[in-house]
Structures are given as C-alpha cells and as structure tokens.
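Each chain gets a letter, A, B and so on, in the order the sequences are listed, and its residues count up from 1.
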4 protein chains.
Amino acid sequence: MSSRKKDIIDTSIALFNQEGCLSTSTRHIADNMGISVGNLYYYFKNKEDILVQILQEYTHSLFESLHAFDFANNRQFLFKEFLLQIQILDAKYKFLHTEMHSIIVTFPQFKLSMRSIMNDEVNLMRKLIVHQIEHGYMVELEKNEIEHLIANARILKLSSAGYWNIIEDRPQVNSQMASLSLFYFLHPYLTQKAYDDESWHQLEANLLKEVADVKM
Amino acid sequence: MSSRKKDIIDTSIALFNQEGCLSTSTRHIADNMGISVGNLYYYFKNKEDILVQILQEYTHSLFESLHAFDFANNRQFLFKEFLLQIQILDAKYKFLHTEMHSIIVTFPQFKLSMRSIMNDEVNLMRKLIVHQIEHGYMVELEKNEIEHLIANARILKLSSAGYWNIIEDRPQVNSQMASLSLFYFLHPYLTQKAYDDESWHQLEANLLKEVADVKM
Amino acid sequence: MSSRKKDIIDTSIALFNQEGCLSTSTRHIADNMGISVGNLYYYFKNKEDILVQILQEYTHSLFESLHAFDFANNRQFLFKEFLLQIQILDAKYKFLHTEMHSIIVTFPQFKLSMRSIMNDEVNLMRKLIVHQIEHGYMVELEKNEIEHLIANARILKLSSAGYWNIIEDRPQVNSQMASLSLFYFLHPYLTQKAYDDESWHQLEANLLKEVADVKM
Amino acid sequence: MSSRKKDIIDTSIALFNQEGCLSTSTRHIADNMGISVGNLYYYFKNKEDILVQILQEYTHSLFESLHAFDFANNRQFLFKEFLLQIQILDAKYKFLHTEMHSIIVTFPQFKLSMRSIMNDEVNLMRKLIVHQIEHGYMVELEKNEIEHLIANARILKLSSAGYWNIIEDRPQVNSQMASLSLFYFLHPYLTQKAYDDESWHQLEANLLKEVADVKM
DNA sequence: AATGAATGAGTTTTCATTCAT
DNA sequence: AATGAATGAAAACTCATTCAT
C-alpha cells in the first residue's frame with residue numbers, strides 16, 4: 001500500500017473516532033491531511049471504500065496478533081494476553097463499534113464485510129474458550145452457554161468504553177473502567193487454577209491502580 | 001399530547017428503527033405520514049426536539065413500569081419481571097441504543113438528556129440488585145462488583161439485539177437470543193433460591209422454546 | 001378601530017423596532033400577544049397590510065400634531081416645537097426609516113404609500129421653512145436651497161439615530177446625539193432673532209445636559 | 001482572488017442593489033451566473049461571508065482612493081475631489097447603506113465589521129475637516145460641532161440617494177440630486193477662500209447642468 | 001499522481017398564508 | 001371573532017462525487 005493511501009486511512013480513523021464517522025466529510029479528511037479531495041478519490045473509489053479498507057486493516061491486525069497464540073502447543077492461561085491485545089485494537093478502531101449500526105444503514109456493502117469478520121472473531125473466541133476449559137482455566141460450560149458467553153464478551157468489549165463515556169466525561173479513566181468491566185464479567189467463569197495464575201492478579205492490580213491514580 | 005404529535009413520534013421511532021435515525025430525514029417522516037414537512041415543524045421545533053421527546057417517552061415508560069415493583073414491601077424474586085419489562089421497551093426504542101453514539105455526535109443536547117436518564121436507570125438497577133441480594137436471590141457482591149455488574153447488564157441489554165442482527169438476519173429469533181444472552185449473563189450471580197423460583201425456569205424454557213420454534 | 005386591531009399594530013411596531021420588520025414573523029407577533037395567527041389574519045389581509053396601516057397611523061399622527069401650528073396666524077419661532085414633535089414620532093416608528101429600503105423591495109405596494117406620505121411631509125416642511133424665513137427666524141434662501149435643506153433635514157431626522165447606534169451601543173445617549181446632530185445642522189440657517197428666542201437655548205441646554213448625564 | 005470569486009462578489013453587489021440584499025437568495029445569485037449553489041458555497045462559507053467580503057472590498061476602495069490626498073503636503077481645497085470619490089463608491093455599494101439596518105439584524109457579525117469601518121471613515125473625515133479649516137477653506141468650528149458635522153455629512157452621503165429615489169423614480173437625476181444635497185449641506189461651512197476656488201464652482205455648475213439636462 | 005473547481009441532489013428549517021371549525 | 005392545524009414554496013447550507021487539467 002502506498003504511504004499516501006496509508007495516511008488517508010490513518011487520518012480517517014483518527015477523525016472518525018474524534019468526530020464521528022458520519023459527521024466527517026471527505027473534504028474534512030482531505031483538508032486535515034493537506035491534500036485535495038480529488039486525490040483522496042484517486043486512492044479510494046468512495047467513502048464506503050475507505051471504511052471497508054479500515055475494516056480489513058482491523059481484521060488483519062486482529063488475527064495477526066491472535067494467531068500468535070498457537071493453541072495447539074500452548075497449555076497456558078491465555079486470557080490476560082487476549083484481553084490486552086483486544087483492548088488495544090478496540091481503542092484504535094473505536095468508531096467501528098460505537099457507530100456500527102449507523103454505518104451499516106448508510107453503507108449497505110459494509111454490513112456484509114462486518115458480518116464475515118464478526119464470524120471469524122466468534123470462531124476465534126470459541127477456540128480460545130474451549131482451549132481454556134480443556135486446560136482447566138475455565139469452568140465447564142454447555143455449548144449454548146459458550147455461544148452466549150462469546151456474544152456477551154464481544155458486546156462488552158466493544159461497548160463498555162462507550163457506556164462509561166456517557167456516564168461521565170473522563171476519557172482516561174473510562175478506558176480502564178471498560179477493561180475492569182470485562183474483567184469482572186469473566187470472573188465467574190474462571191477456575192481456581194486461573195486465579196492462581198499470577199498474570200491474572202497482575203492485570204487486576206494494574207487496572208485498579210490506574211483507575212485510583214486518575215481519580216485522585 | 002395531540003394525536004398528530006403522537007403519530008409523528010410513533011412514525012419517527014418506526015422509521016428510525018428501520019432505516020436509521022441519521023438516515024431518516026424530516027421530509028421522509030412527513031412523506032411517510034402523508035403530511036407536509038411544515039406541519040411536522042409545527043409540532044417540533046427541530047429534529048433534535050423529536051429525539052429528545054422520544055427519549056422522554058422512553059424514560060417515562062421505563063420508570064412507569066419499574067416503579068410498580070415496590071421494593072420496600074416486596075420479598076419476591078423480581079428478575080424475571082424486570083427482564084421482561086426492559087426487553088419490551090428496548091425492542092421498541094432499539095435505535096436509541098444502537099445509534100446512540102452517532103446521535104450524540106450530531107445532537108449535542110441529546111447527550112445531556114441521555115446521561116441524566118442513564119444515571120436514573122443505573123440507580124434503579126442498583127436498588128434492584130441490592131434488594132435481590134438482601135432477600136437471598138443473588139450472591140453477595142462487593143460494591144465494586146455491583147457497579148460493574150450494573151454496567152455490564154445495561155450494556156448487554158442495550159446492545160445484544162444489535163449484535164445478533166449482525167451475526168444473522170433473523171429479526172424474530174434475534175430478539176429472543178438477546179434475552180437469552182442476558183439470561184445467561186445473570187446465571188452466575190443467582191443463588192440456589194433463585195433457581196428454585198419457578199418463574200426463572202419458566203423464562204428460560206419460554207425463551208429456548210421460542211428460539212427453537214423459529215429456527216426450525 | 002377595534003382594540004384588538006390597535007393592539008396588533010402596537011405590538012407589531014414594538015417588535016419591528018426591536019428585532020427588525022423583516023425578521024419578525026407573523027407568528028412571532030401573534031405569540032407575543034397571546035392570540036392565534038389566524039386571528040391576526042382576520043384583522044389584516046397580510047403582513048403588508050399591517051405595514052401599510054402602521055404607515056397610515058404614522059402619517060395621521062404626524063399631520064395631527066403639525067397642523068396645530070396654524071402658520072397663518074402664528075408669528076413665533078416654531079422650530080423647537082417642530083423638532084420635538086417630530087423626534088417623538090420618529091422614535092416610535094423607527095423601523096419605518098431604518099428598514100425602509102428593505103421593506104420597499106419586499107412589499108412593492110408599500111413604496112407607493114411611502115412616496116405619497118413623504119411628499120406630504122416635504123410640503124409641510126417647505127411651508128414651515130418659508131414661514132420662518134418670512135418672520136425673520138431663518139436666513140433668506142433660494143428655492144433650490146430650500147428643497148435641499150428639506151431633503152437634508154428629512155434624511156437627518158430619519159437616519160441620525162441609526163448612525164449613532166452603529167458607532168456605539170448606547171441607546172439612551174444616541175437618541176439625544178441624533179437630536180443634537182439635527183440641532184447643529186440647523187444652526188447656520190437660523191438668524192440672530194432665532195438665537196435670541198429663549199426656547200432654542202433651552203432645547204440646546206437640555207440636550208447637552210442629558211448627553212452629559214448619561215455619559216458620566 | 002480567483003475570477004470566479006470576483007464574479008460572485010460583483011454579481012451579488014449588482015443583485016443586492018437592484019433587488020435588495022435580503023430579497024436576493026444565494027440560489028438567485030448562482031442562477032444569475034449560471035453556476036450551481038454548491039459552487040457558490042465553495043468560495044464563500046455562507047451568505048454573511050459574501051457580505052463581509054463586499055464590505056472589505058468597499059473599505060479597501062475607499063481608503064485606497066482617499067489616502068491619495070496626502071494631507072501633510074497638501075494645502076489645496078480638497079472637498080471637490082473628496083465628494084467625487086465618495087460619490088462613486090457609494091453609488092456602487094448602495095445597498096450597504098440603504099439596507100444596512102436590516103442586514104445588521106440578520107447578520108450579527110456584519111455589525112462589528114461595519115462599526116469598525118465606520119470608525120475609520122469618521123477618523124478620515126475628521127482629518128480632512130481639520131486640514132481644510134487649517135488652510136482656511138472652512139470656518140472655525142468647535143470640537144462638538146466638528147463631530148456632528150461629520151455625523152451629518154456621513155449620513156447624508158449615505159442616505160441622500162435613497163431619499164430621492166423614493167421621492168421620484170429617476171435613477172440618473174437622483175444620483176446628482178444626492179450630490180447637490182451634500183453640496184448645499186456643506187455651503188455654510190465653507191469660507192470665501194473656498195468659494196473662490198474654481199473647482200467648487202465647477203462642481204456646482206456640472207451638477208446643476210446634469211440635473212437640468214435630464215429633467216428636460 | 002494530484003489538483004481544485006464544479007455539480008446535483010439532498011438536508012434542515014422558516015414563514016406567510018389558508019381554512020375548517 | 002377566534003382558533004390552531006396544515007400547507008407549499010422557498011430559504012440557507014452540505015456533501016459525496018466527478019472531471020478537465
């Protein structure tokens with residue numbers, strides 16, 4: 001990908017997160033980069049095209065970072081790493097989640113892309129959960145329960161930040177609050193073996209400390 | 001409220017749910033009702049005004065139905081009722097949740113109304129949870145845990161339907177799936193006394209049956 | 001005239017002066033009076049009709065107050081009285097002068113009414129000037145000079161207030177400044193006999209005192 | 001400035017003068033030029049922007065032509081030149097004066113620009129008057145009298161044309177009548193030395209002749 | 001590759017006026 | 001006399017997209 005094209009994507013992501021995807025005009029993006037609108041349309045055939053390619057980038061990053069887990073040869077407690085990886089991505093592509101429904105209505109093509117990506121994510125999460133159950137880090141769950149656990153986990157990871165931002169305007173705290181919410185959500189599904197793993201306690205301690213620091 | 005005004009609100013809700021709030025123009029609403037745009041603006045001073053009044057209606061319905069619980073004189077297991085009530089409302093005002101972030105960026109006044117309503121909702125949910133713990137239907141929880149439980153419950157009740165709609169296009173099932181998700185989410189926090197309450201099993205049975213029926 | 005009709009005219013004048021004639025909608029007038037728009041249109045066939053009737057009222061007041069002068073049997077210095085009378089009227093119907101051109105373009109019928117009234121005014125002023133020259137209060141002037149003196153006097157009396165309002169936002173002072181401007185404008189045309197008349201000095205003294213009072 | 005932008009300004013001035021600034025819509029301007037409204041908004045961010053830039057152009061022209069006077073090294077009778085320069089400009093930007101008050105109510109930003117320009121103009125006129133008194137072309141005047149002379153001169157130069165246009169529909173004559181009004185207004189303030197200057201008589205003769213020519 | 005002028009269809013909003021009651 | 005709901009035409013403004021250069 002040409003660096004100009006990459007720049008457009010990065011600027012778009014930044015502006016979409018700040019001011020909303022639907023409220024950000026193509027002219028606004030171009031102005032922000034100091035290039036012409038025409039040039040933007042040289043690289044992308046329309047605004048939806050930018051969105052679709054952002055989505056592709058998101059997917060790519062997601063699976064790149066998660067494939068590293070190598071479930072087959074790994075017997076470890078993987079949740080901490082998993083949560084961390086995901087949190088970074090979701091923060092970067094925030095608007096994809098918070099504005100998803102508005103975007104879908106406006107750009108019909110986008111829905112299909114989104115759906116296929118979400119199915120991949122679900123499969124990956126299922127694999128992780130099954131793996132963690134097998135190795136005794138999570139409690140036994142029925143098939144049904146697993147599916148809804150995945151659904152809930154996915155929703156929470158996407159929407160928590162948005163929720164806390166409406167409750168109160170504290171960007172720094174809210175990001176941590178969102179992580180803590182997810183953390184507490186998983187609690188009941190973990191076994192004693194998971195609690196004994198030091199990485200889990202580390203994560204909790206860090207999150208609580210950060211929230212406390214900012215609140216002071 | 002005049003019936004014309006009520007009609008405008010109802011039509012707006014329907015169109016906002018179907019085609020998105022931001023994609024639905026005031027002209028679209030008026031055309032759909034067979035009235036002139038000018039007439040619409042006779043009842044509402046602008047589009048945001050429609051939204052704010054929808055929000056008020058939503059709040060009113062929410063608290064009307066929930067105040068019936070009468071926590072002080074009630075020792076019963078209330079979750080089933082609570083979930084049912086909420087589910088109906090959230091289905092009707094779906095767009096308020098799925099498009100919330102896009103709406104907030106476009107209509108700044110709306111954010112303030114939304115925030116105040118959410119705080120009221122949070123307080124009510126806290127009251128319910130504390131009540132259910134006191135009467136032995138929920139497990140003991142620390143203050144921190146309660147706050148995040150509320151956050152997670154609220155997010156899930158708002159976003160579940162949206163999630164399932166992206167996974168698959170089955171409007172009828174998805175509404176039930178969303179309820180099931182919330183149902184499973186609450187599982188770990190309930191005591192044996194709650195499970196023993198027949199209303200809980202009824203709810204689960206109904207939901208599973210409905211999903212199964214449609215899926216066939 | 002019915003009192004309701006009179007009320008509409010009075011309210012319109014007040015609002016037109018405060019917020020501009022073109023910026024004041026018929027609904028705004030009706031709301032301000034607590035009556036319905038329909039009722040307003042019962043008394044006036046359209047907005048222009050209100051304007052034309054305001055103009056008639058203005059003319060009526062103007063000639064009512066000026067006919068009292070009785071030029072034929074009066075040998076006195078009349079300028080002071082004349083200026084005072086006119087100043088009161090022009091303050092009340094301010095918008096008629098400051099917005100005249102915009103109104104004329106928007107309401108073509110209005111221009112004709114305005115023209116005929118202005119001709120009447122010009123005739124009256126000519127009569128006054130000729131009278132004052134005859135009785136030695138004003139210097140001798142050629143026909144041409146009289147016509148332009150009238151023109152200038154009329155323009156200044158109409159536009160002075162507007163000028164001072166743009167220079168600085170001091171409503172109370174500006175009204176006096178406008179009168180002073182007119183006062184100084186007339187200076188060179190007055191004879192010693194006029195200066196000797198005490199009413200003239202009184203007027204100057206009053207105006208200067210009022211300006212000084214407010215400025216402190 | 002791009003020629004398209006200049007065209008928009010020129011067309012706007014022409015239409016504003018002919019049909020009134022408030023009665024001329026942006027679409028009307030665009031149609032008149034054979035361009036799209038969107039294109040107009042490419043050059044100006046809104047209608048007020050057009051107005052403000054017209055005002056800037058007016059100011060620029062005004063001071064460009066008046067700075068040529070070079071008061072410091074000039075001992076001449078400057079009124080004739082001054083009046084001529086100003087007359088040309090005021091004719092071109094007529095609507096700025098005749099519709100000023102309506103415009104100010106509608107475009108609040110415009111008032112501030114207008115005020116600052118008027119203050120500059122007043123300063124320039126004060127300089128001119130003081131200069132002419134010093135060199136014996138005008139009679140001695142007190143500070144107060146000078147300020148009101150400026151006010152009156154400014155008002156008359158702006159509003160005379162409007163006045164005569166209401167009295168009678170003779171565009172060509174009216175422009176001259178307006179100049180004559182101003183001419184006669186200044187009469188009493190000029191010294192014999194000024195009258196002896198041939199340029200003054202020339203001006204009067206020309207104006208009278210032009211009026212007479214057209215009237216025949 | 002890049003520009004930036006231009007378009008057209010759309011949006012929200014305003015308002016004088018009408019009219020059934 | 002009076003209401004107030006309803007209209008239609010117009011206003012200002014936006015924006016994704018195109019295209020000659």
Side-chain angles (χ1 to χ4, degrees), chain A residues 2-5 8 22-31 33-50 106-107, chain B residues 2-5 7-8 22-30 33-50 106-107, chain C residues 2-5 8 22-31 33-50 106-107, chain D residues 2-5 7-8 22-30 33-50 106-107:
Chain A
S2 82
S3 85
R4 170 61 50 95
K5 192 167 181 179
I8 294 173
L22 273 67
S23 306
T24 302
S25 65
T26 49
R27 201 181 183 185
H28 190 35
I29 300 168
D31 283 355
M33 295 178 65
I35 66 167
S36 68
V37 208
N39 195 204
L40 196 151
Y41 275 84
Y42 175 79
Y43 289 99
F44 297 90
K45 74 174 198 284
N46 51 35
K47 197 178 173 185
E48 187 164 21
D49 193 21
I50 301 180
T106 316
F107 304 104
Chain B
S2 83
S3 83
R4 172 58 52 94
K5 192 169 182 180
D7 274 2
I8 295 173
L22 273 67
S23 306
T24 302
S25 66
T26 49
R27 164 149 306 169
H28 193 35
I29 299 167
M33 296 178 65
I35 65 169
S36 67
V37 208
N39 196 203
L40 195 152
Y41 277 86
Y42 176 77
Y43 291 98
F44 298 90
K45 71 174 199 288
N46 52 37
K47 197 179 174 184
E48 188 164 20
D49 192 22
I50 303 180
T106 315
F107 304 105
Chain C
S2 81
S3 83
R4 171 60 51 93
K5 193 168 182 181
I8 295 173
L22 274 67
S23 306
T24 302
S25 65
T26 49
R27 201 181 183 184
H28 191 33
I29 299 169
D31 284 356
M33 295 178 64
I35 66 167
S36 68
V37 209
N39 196 205
L40 197 150
Y41 275 84
Y42 175 78
Y43 290 99
F44 298 90
K45 71 174 202 284
N46 52 35
K47 197 180 174 182
E48 186 165 20
D49 193 20
I50 302 180
T106 316
F107 305 105
Chain D
S2 83
S3 83
R4 173 56 53 94
K5 191 169 182 180
D7 275 2
I8 295 173
L22 273 67
S23 305
T24 303
S25 66
T26 50
R27 164 147 306 166
H28 193 35
I29 300 168
M33 296 179 64
I35 66 168
S36 66
V37 207
N39 195 203
L40 195 152
Y41 278 87
Y42 176 77
Y43 290 98
F44 298 89
K45 72 174 198 288
N46 51 35
K47 198 181 173 183
E48 188 164 19
D49 192 21
I50 302 180
T106 316
F107 304 105

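Applying the side-chain hydrogen bond (donor to acceptor under 3.5 Å, both in side chains) rule to D/Asp49 yields the partners D/Gln53; only residues at least two apart in sequence or on another chain are considered. In this view, C/Asn39 and C/Arg4 satisfy the side-chain hydrogen bond (donor to acceptor under 3.5 Å, both in side chains) rule, not counting sequence neighbours. With sequence neighbours left out, the side-chain hydrogen bond (donor to acceptor under 3.5 Å, both in side chains) criterion links A/Arg27 to no other residue. By the side-chain hydrogen bond (donor to acceptor under 3.5 Å, both in side chains) test, D/Asn46 is found to be paired with no residue, residues two or more places apart in sequence or in another chain being considered.
The interatomic distance linking C/Asp49 (CG) with E/dA16 (C1') rounds to 13 Å, in whole Å. In this structure, C/Ile8 atom CD1 and F/dA2 atom C1' are separated by 11 Å, rounded to whole Å. Taking atom CD of residue B/Glu48 and atom P of nucleotide E/dT11, one finds them 19 Å apart after rounding to whole Å. Atom-to-atom, CG of D/Asp7 to C1' of E/dA5 comes out at 14 Å; the value is rounded to the nearest Å. Taking atom CZ of residue C/Phe44 and atom P of nucleotide E/dT18, one finds them 15 Å apart after rounding to whole Å. Rounded to whole Å, atom C1' of E/dA2 lies 16 Å from atom NZ of A/Lys5.
In DNA chain E, runs of at least 3 consecutive Watson-Crick or G-U pairs, each pair with both distances below 3.5 Å, span E:2-21 with F:2-21.
Using a 4.5 Å heavy-atom cutoff, the side chains of D/Leu22 and C/Thr106 are not in contact. Contact check for B/Ile35 versus B/Asp7: no side-chain heavy atoms found under the 4.5 Å cut-off.
How far CD1 of D/Ile29 is from OG1 of D/Thr24: 6.5 Å, rounded to the nearest 0.5 Å. Note that OH of B/Tyr42 and CD1 of B/Ile8 are 11.0 Å apart. Values are rounded to the nearest 0.5 Å.
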- Item | Where protein sits on nucleotides 6-12 of chain F, one letter per nucleotide: B base, S sugar-phosphate only, - none, heavy atoms under 4.0 Å | BBB-BSS
